[in-house]
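Below, read A as the first sequence line, B as the second, and so on, with proteins coming before strands; counting in each chain starts at 1. Just so it is clear, the model here is predicted, and its values are computed rather than measured. Because only heavy atoms are used, hydrogens play no part in the values below, and waters and symmetry mates are left out as well, while side chains stay in.
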Protein chains: 2
Amino acid sequence: MSMSLGPLTGKRVRARDVAQLAGVSRSAVSRAFSQTAYIAPDTKAKVLKAAAELNYSPDSLASSLAKGRSNIVVVVLNQVDAIRGPSFHSALIRSLQESGRLPVVLSLSPMDDGASSLKKHLTFPVEGLIVMSDSVSVDVARHAVPYVRPIMLNFERTRSDVDSIVANDATGVAELVNYLWETGHRSVGFMAGRQSSISSKIRRDALALEIARRGMHLTVEASGEFAYEQAFEAAPALVAGKKPPDAIFCANDVMAFAVMDYLRLKTQHRVPEDVSIAGFDDIFMARWPIYNLSTIRQDVDSMAAAVTGILERRRDPQNRKFDPPTMVTELVLRGTIGRRER
Amino acid sequence: MSMSLGPLTGKRVRARDVAQLAGVSRSAVSRAFSQTAYIAPDTKAKVLKAAAELNYSPDSLASSLAKGRSNIVVVVLNQVDAIRGPSFHSALIRSLQESGRLPVVLSLSPMDDGASSLKKHLTFPVEGLIVMSDSVSVDVARHAVPYVRPIMLNFERTRSDVDSIVANDATGVAELVNYLWETGHRSVGFMAGRQSSISSKIRRDALALEIARRGMHLTVEASGEFAYEQAFEAAPALVAGKKPPDAIFCANDVMAFAVMDYLRLKTQHRVPEDVSIAGFDDIFMARWPIYNLSTIRQDVDSMAAAVTGILERRRDPQNRKFDPPTMVTELVLRGTIGRRER
DNA sequence: GGCGAGTCTACACACGCGTGCAGAACAGGT
DNA sequence: ACCTGTTCTGCACGCGTGTGTAGACTCGCC
């Protein structure tokens, strides 16, 4: 299998080498690899045989140049583990490459709004631009690659010149509140994410709405910036009163871990006997027995597939408008939500 | 700032557009953006002004094609959070892009050795190939991109046709063992990573060597596959005897968390009073107060910089041999290593 | 054998850019 | 005024591939 090819063997093999070996013209080689172009079956077979022999495949970049259609998709993020955790990043990358696209990752500094860095680095034609960073605005994205419709995954409000996935966070939150109600919880605290984050706002609004509908009470709120350290610092405020809320909902899982750790390390409150905890995302650590967190799951694989689906539809530019895919959330019940007898 | 450019404004601007606006030839535009080519200062200024006006920068892919030198670097991994955690991935991506390279991420299925998938996806010229997956062998990497010297970060044994970074895991482990010795530990258990992983083997060998040198005892070993779940399952074996080891060293942090969680959830052993725990990597969770893990840190930023440095040196192909950069590790002492009175 | 219809191949150009080379423009010296 | 040297620009070709088009070739029929 590994034929021990010497040190850094020669140059890449080009179409003309294959043509020479197969005894045909270079353009015949090109046609053999094209889906649409016309070519006699036996010439095609001859070419493919020679190509396999030389281990040739067409240079996809030169091909992009010639066709005027690139297969490069740029994924913009701040940190790999920012919004949906590394698992979504993995799923997205894999989905892109399995659909024959080339994922290029662009990582921004935490506070970079991308205005200059996007234009500096995006000096090549792209098929798509996927923005996972919530510090990059729609305007910046549109301006950085004016000839393409960006796919915004930071949940900025929908605009016509932008594609996005409608993450149905509100439904998931409603489901959670309903379960909390049924299990006897009446007062709820909320740990918010970043101020600028739309998803944090969506989750908070849904929480407030559903709570009000049932006559429950949103008793206390704090902001944890989506990060463990800040949430740990902010946690005391959530249980400061004489009576802590029945349950605390955190805008993501990591902050839920911080609240749990604060409660067990610094207070006498037990989870879930005294305080119930719920998170959002269902990252891999939520299943660890020490947390065993009840949370709202985003299906990262179907989200990634949805992104690829958008790119697929947008290949035909006359698809002006179509329904943005809606992502379903799932309430995952583990051990951090108890029952309150009434 | 955001001048509300209409919906999907026209095509990309090319060099000839700039040339026309500046009143020069297209090649003058090209020269204006070149570092080496000769051009009169005022023509250059004229061109750059026109370029700024049109928001132009040269297509880096077409440029690669023309120069016969690509700036694309492919990063191969299994999962984003596989070997060194997402933080190294972030650091590497950023280091690459800041050095003007284009990072393309290729994510393999967990068991994929890459033999076919690498050849299928790498259909374009690359400047470098960085392999972070330990399921991809040197031979596969060499064969997938025969014209380039891969940079292997899975610590396979050094070969002349491959570049790699010498991660000085052994020194870090020696430092740890020395500290364990000084704090009175005499018996040590080891939680290994994957069988196939070279880094796990390096760490185990270093541990065994240093322990033997001091007349300490490597009393028990288990394998946790670098993963929390498997480590949690394997943890009982480490403390099964009538007397658990004084300390347990885990080949990475995540497995250390699993062992700690097992001990506190399922046994009476306290950390660090009864059993000391040490990990490897210093991922962000190691600082969480519930773990507060003593561990061996890899400096992800300098590792990433080292990778970029290798690419830089290899731009000149006559640099046949140079010393591979050595990464220093640092012993991070937190709360999971206690003192044993003797 | 000649001729028309049909099938396929090779030529040539294009994609956007880098760069060797020839020659234009210009300055300075005699 | 003429020559030499220097400085710069534009022409033209090449990077590897896709594809419209003209024409070569085959085949069948009269």
Test side chain to side chain contact (heavy atoms under 4.5 Å, CB included) on A/His143 and A/Lys119 and set out the steps.
CA-CA 8 Å; A/His143 194 256; A/Lys119 283 206 292 192; 3.5 Å; yes
Nucleotide [N], atom [atom2] - distance to [atom1] of [X] in whole Å:
| X | N | atom1 | atom2 | value |
| --- | --- | --- | --- | --- |
| A/Lys44 | C/dT9 | NZ | P | 12 Å |
| B/Ile39 | D/dT6 | CD1 | P | 21 Å |
| B/Tyr38 | D/dG10 | OH | C1' | 17 Å |

Given protein heavy atoms under 4.0 Å, the one-letter contact record of nucleotides 12-22 of chain C, with B base, S sugar-phosphate only and - none, is simply B--BBBBBB--
Assign the ring pair A/His89 / B/His89 to parallel, tilted or perpendicular, where the plane angle (0 to 90°) is split at 30° and 60°.
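Because their plane-to-plane angle lies in the 30° to 60° range, the rings of A/His89 and B/His89 count as tilted.
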How far does the helix from C/dG1-D/dC30 to C/dT30-D/dA1 bend, going by the axes of its first and last five pairs, to the nearest 10°?
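Angle reported: 70°, given to the nearest ten degrees.
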Value rounded to 0.5 Å, distance of [atom1] in [X] from [atom2] in [Y]:
| X | Y | atom1 | atom2 | value |
| --- | --- | --- | --- | --- |
| B/Leu48 | B/Thr43 | CG | OG1 | 10.0 Å |
| B/Arg142 | B/Arg149 | CZ | CZ | 7.5 Å |
| A/Arg69 | A/Arg315 | CZ | CZ | 5.0 Å |

Should the pair B/Arg14-B/Asp17 be classified as a salt bridge under the 4.0 Å nitrogen-to-oxygen rule?
yes
Can you tell me which residue among A/Val131, A/Val74, A/Val75 is in a side chain to side chain contact (heavy atoms under 4.5 Å, CB included) with A/Leu106?
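So, applying the side chain to side chain contact (heavy atoms under 4.5 Å, CB included) to A/Leu106 and each of A/Val131, A/Val74, A/Val75, only A/Val74 qualifies.
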Just to be sure I understand the rule, does B/Leu61 reach a base, reach only the sugar-phosphate, or reach nothing, if contact means heavy atoms closer than 4.0 Å?
nothing
Are a donor atom and an acceptor atom from the side chains of A/Thr308 and A/Ser95 found within less than 3.5 Å of each other?
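There is such a pair (donor and acceptor under 3.5 Å, judged by atom type) between the side chains of A/Thr308 and A/Ser95.
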